[in-house]
Amino acid sequence: MFRKKESSGRPLSVGIVNWMMPSLAILLLISAPSFAADKAENYAVNSKFNRDTVVDLARKLAASPYSPPKSALPDSLKSLSYDEYRDIQFDPTQAVWANEGLPFEMQMFHRGAYYKDPVEVAIVEDGTARHLAYSPTLFKTGDVMTKPLPTDDIGFAGFNLHSPINRPDFYDETVVFQGASYFRALGKNEVYGLSARGLALKTADPEGEEFPIYRAFWIEKPSKESNSIVIYALLDSQSVTGAYRFTIRPGTNTTMDVEATLFPRVDLSKIGLAPESSMYLFSANGRQDVDDFRPEVHDSDGLLMVNGRGERLWRPLANPKELQISAFQDTAPLGFGLMQRDRDFNNYQDLEAEYQQRPSLWVEPVGNWGKGAVVLTEIPSSAEIHDNIIAYWAPTSPITAGSEYSFAYRLTWGQGPQIAPGEARVESTRSGKADGTGNKRLFVVDYTIPNTTGVSMPANRPQAMVKASKGSVSNVVVRDNPQTGGYRVSFELDPTDADLVELRMELKFDDGRKAETWMYRWTN
C-alpha cells in the first residue's frame with residue numbers, strides 16, 4: 001500500500017457545493033449501468049439487505065469455482081505512474097453524507113496503478129442497499145494526471161471514513177479499506193502505520209502467498225447520535241470466500257468488532273486469522289550495517305502476546321538477514337498484536353514520517369480460539385517502504401472444504417493494551433558487541449513499572465532468569481534505572497558455534513508481582 005504521510009480531512013462547514021456537480025445522493029439512486037454485463041458479478045446492487053445478506057452471498061459464491069474480477073481497467077488507467085495516480089483526488093465536497101451533520105463521512109479511491117481490481121460499494125439505509133455508482137465528477141486531478149477519467153461505472157479501489165476524532169469541528173481520515181483485503185485505522189493524534197487484513201493464506205509459502213480480495217462493501221448509514229458505523233464486506237479468493245461485519249468506533253483508541261464466516265473451497269491448512277502487516281527496519285537493537293542519520297526506523301517495535309494462561313510475552317522485532325518464522329504455541333489466546341512502544345521523537349528524528357505517532361494494533365479473540373500459534377514472520381528488508389513484518393493466529397486444525405467457519409475478535413488501534421498497575425513491562429531492547437574477543441553479544445533490556453499511582457514500588461530489585469537454547473549466558477546484572485524509574489537488565493551471550501539462539505528472560509519479584517517475559521531470537 002502507498003504510505004500516506006499527510007493528514008486529510010475537511011472542515012465541518014465547507015460552504016456552497018457547485019450546483020452543476022451531481023451529488024452522491026443522486027448517484028446512489030442510479031441503477032447498475034448498462035455495461036455491467038462485463039463484470040464478473042454484481043454484488044452491491046439495489047436490493048433488500050439484512051445481517052444475513054453477505055453471508056448468503058459468500059456461501060453461494062463458494063459453491064462455484066473461483067473467477068477473478070473481469071471488469072477490465074480502462075486503457076487510460078493501466079499504466080499510471082505513482083505520481084499520476086496520486087494526482088487523482090476525491091472531491092471532499094462530494095463525500096457521502098456531506099453536510100448531513102452525521103458523525104461520519106465517506107470518500108472513495110479511484111482505480112489505477114497498483115489498485116486494478118474493481119470494488120463495489122453500496123449504502124444501506126432502512127433495510128435497503130443502494131448501489132454507489134462511480135462518476136468522474138467525484139474526483140479532481142491536478143497538473144500531473146492529464147489523461148481523461150473514464151465515464152462508465154468502473155467501480156472504486158476502496159474508500160476511507162472521516163470523523164471528528166481529533167477536534168469537534170474537523171473530519172479527519174480515520175479508517176481506510178484499500179487493496180486486496182487490507183485496511184488501516186488511527187487512534188487520536190496518530191498517523192498511518194501498520195495494516196490489518198481480512199485473511200492471510202500461505203504466508204511465506206514457497207509456492208507463493210495467496211491474497212484474498214474484498215469484492216464488495218455495504219456501509220450502513222449512521223444516525224446523528226451514533227458513535228459507531230457498521231460495514232459489511234464480501235471476501236473472495238481461489239481457496240475461500242468470506243462474509244465480514246465490522247463495527248467501528250473511532251476514539252482515543254479506535255476499535256473494530258469483527259465478525260467473520262469463512263466458506264473454504266479447499267482445505268485451509270496454511271491460514272492466518274486476524275493478520276497484521278507492519279514495517280521494521282532497525283532500532284537501537286539491530287543497527288549492524290546501518291548507515292542512516294535516524295536512530296530508529298519502524299512502524300512497530302515488538303510483538304506482544306497474552307497467552308491462554310495470562311502470561312504476557314514481549315518479542316522485540318528484527319530485520320533478519322534471512323527470512324525467519326517464529327510460532328508461539330498456545331491454547332485460547334487472550335490477545336496479541338504488533339506494538340509501537342517507543343513514543344519519543346528523539347529516538348526517530350524524522351519530521352516527515354513521525355514514527356513516534358504510529359498506532360499499535362491489538363487483537364482480542366472473542367470466544368475460545370482453541371489450539372494454535374501466534375505466528376511471526378520477519379522478512380529481510382533494506383527499505384522502509386516495504387511491510388516486512390507479519391503476525392497472525394494459525395489454528396492447529398485445518399479448516400475443511402465445504403465447511404462454515406465462524407470467528408470473532410476485536411481490533412484496537414492506538415497506544416496498545418494497558419498493563420495492570422504495579423506490573424513491569426519491557427520498555428526497550430538494545431544489543432551490541434560485548435567487550436573482549438570472540439562473538440559475544442551484550443544485551444541491555446529496560447523494564448518500567450507504569451500505572452504506579454496508588455501502588456507501592458518493590459522493596460527490592462527483581463532477580464533476572466535468562467535462558468538460552470544454545471551457547472551460554474553470563475554476567476546477568478540487574479540495576480536501578482534512575483532515568484525511567486525502573487530496572488535495567490544486562491547480560492552477555494556467547495553463542496559459541498551456533499547460528500541461531502532462542503533467548504528467554506523472566507523477572508522474579510519478592511512480592512510476587514508480575515512482569516512481561518522477554519523473548520528474542522539471535523541469529524549470526
Side-chain angles (χ1 to χ4, degrees), residues 8-10 14-47 49 69-78 80 84-100 102 104-125 128-162 171 173 176-179 214-221 231 233:
S8 59
R10 72 161 188 84
V14 296
I16 301 174
V17 177
N18 187 337
W19 67 271
M20 295 186 67
M21 216 174 263
S23 71
L24 283 178
I26 296 174
L27 289 170
L28 284 171
L29 298 177
I30 299 176
S31 300
S34 59
F35 86 103
D38 295 334
K39 287 189 175 183
E41 302 288 347
N42 276 303
Y43 303 107
V45 298
N46 296 347
S47 63
F49 187 90
K70 295 179 180 177
S71 178
L73 198 63
D75 291 339
S76 61
L77 302 177
K78 285 182 178 179
L80 292 183
E84 286 177 320
Y85 181 74
R86 294 276 291 180
D87 201 36
I88 307 174
Q89 296 290 324
F90 189 87
D91 180 356
T93 66
Q94 296 295 294
V96 179
W97 310 310
N99 303 314
E100 293 191 34
L102 301 182
F104 296 92
E105 293 183 358
M106 184 171 71
Q107 301 183 16
M108 316 308 295
F109 291 115
H110 206 285
R111 291 176 63 193
Y114 301 107
Y115 304 104
K116 302 184 185 301
D117 292 332
V119 173
E120 300 177 44
V121 177
I123 307 300
V124 177
E125 185 176 6
T128 300
R130 296 193 180 278
H131 176 71
L132 179 58
Y134 164 88
S135 170
T137 60
L138 299 177
F139 297 88
K140 299 186 295 185
T141 58
D143 297 332
V144 178
M145 178 59 183
T146 59
K147 302 171 184 176
L149 299 181
T151 57
D152 290 329
D153 184 359
I154 63 168
F156 302 99
F159 63 92
N160 55 26
L161 296 174
H162 295 236
Y171 280 89
E173 183 177 306
V176 168
F177 284 84
Q178 184 185 26
Y214 284 134
R215 285 200 164 187
F217 293 93
W218 295 256
I219 298 95
E220 290 187 355
K221 182 178 181 178
I231 297 172

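FYI, the numbering just counts along the sequence from 1.
- A donor-acceptor pair under 3.5 Å is formed between the side chain of Asp87 and the backbone N or O of Gly142.
- For the pair Ser135 and Thr137, the minimum side-chain heavy-atom distance is below 4.5 Å.
- Going from atom CG of Asn160 over to atom CE of Met108 covers 8.5 Å, rounded to the nearest 0.5 Å.
- At a threshold of 4.5 Å between non-hydrogen side-chain atoms, the residues Ile231 and Phe177 count as touching.
- Across Pro69 and Pro118, no two heavy atoms sit closer than the pair CB-CD, 3.7 Å.
- Of the inter-residue distances, the one linking Leu77 atom CG with Leu149 atom CG reads 7.0 Å to the nearest 0.5 angstrom.
- Two residues are said to be in side-chain contact when any heavy atoms from C-beta on lie closer than 4.5 Å; Phe104 and Ile219 fail this criterion.
- Evaluation of the side-chain hydrogen bond (donor to acceptor under 3.5 Å, both in side chains) rule for Asp143 yields no partner, not counting sequence neighbours.
- Taking 4.5 Å as the limit, every side-chain heavy atom of Phe109 sits out of range of all side-chain heavy atoms of Val119.
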Before you tell me yes or no, could you show the steps for Tyr214 and Phe217 under ring pair (Phe, Tyr, Trp, His ring centres under 6.0 Å), namely the whole-Å CA-CA distance, both residues' side-chain angles and the distance that decides it to 0.1 Å?
CA-CA 7 Å; Tyr214 284 134; Phe217 293 93; 5.3 Å; yes

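- For Lys116, there are no side-chain hydrogen bond (donor to acceptor under 3.5 Å, both in side chains) partners at least two apart in sequence or on another chain.
- Tyr85 and His110 form no side-chain donor-acceptor contact under 3.5 Å, judged by distance and modelled atom types alone.
- Residues Gln107 and His162 have side chains in contact (heavy-atom distance under 4.5 Å, counting atoms from C-beta outward).
- Of all non-hydrogen atoms in Val124 and Ala129, the two that sit nearest each other are CG2-CB, 4.1 Å.
- The two residues Leu138 and Phe90 make their nearest non-hydrogen contact at O-CD1, 3.5 Å.
- Considering all non-hydrogen atoms of both residues, Tyr43 and Ala216 come closest at CB-CB, 3.9 Å.
- Taking CG of Leu73 as the reference point, atom CZ of Arg111 lies at 5.0 Å (rounded to 0.5 Å).
- The CG atom of Leu132 sits 4.5 Å away from atom CZ of Phe156, with the distance rounded to the nearest 0.5 Å.
- Residues Asp153 and His131 have side chains that bring a donor and an acceptor to within less than 3.5 angstrom of each other.
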ask   = Hey, mind stepping through Leu102 and Lys221 against side-chain contact (heavy atoms from CB on, under 4.5 Å) and telling me if it holds?
value = CA-CA 9 Å; Leu102 301 182; Lys221 182 178 181 178; 3.6 Å; yes

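- Distance check, rounded to the nearest 0.5 Å: CG of Leu80 to CD1 of Ile88 gives 5.5 Å.
- Looking at every heavy atom in both residues, Trp97 comes nearest to Glu220 through CH2-O, 4.1 Å.
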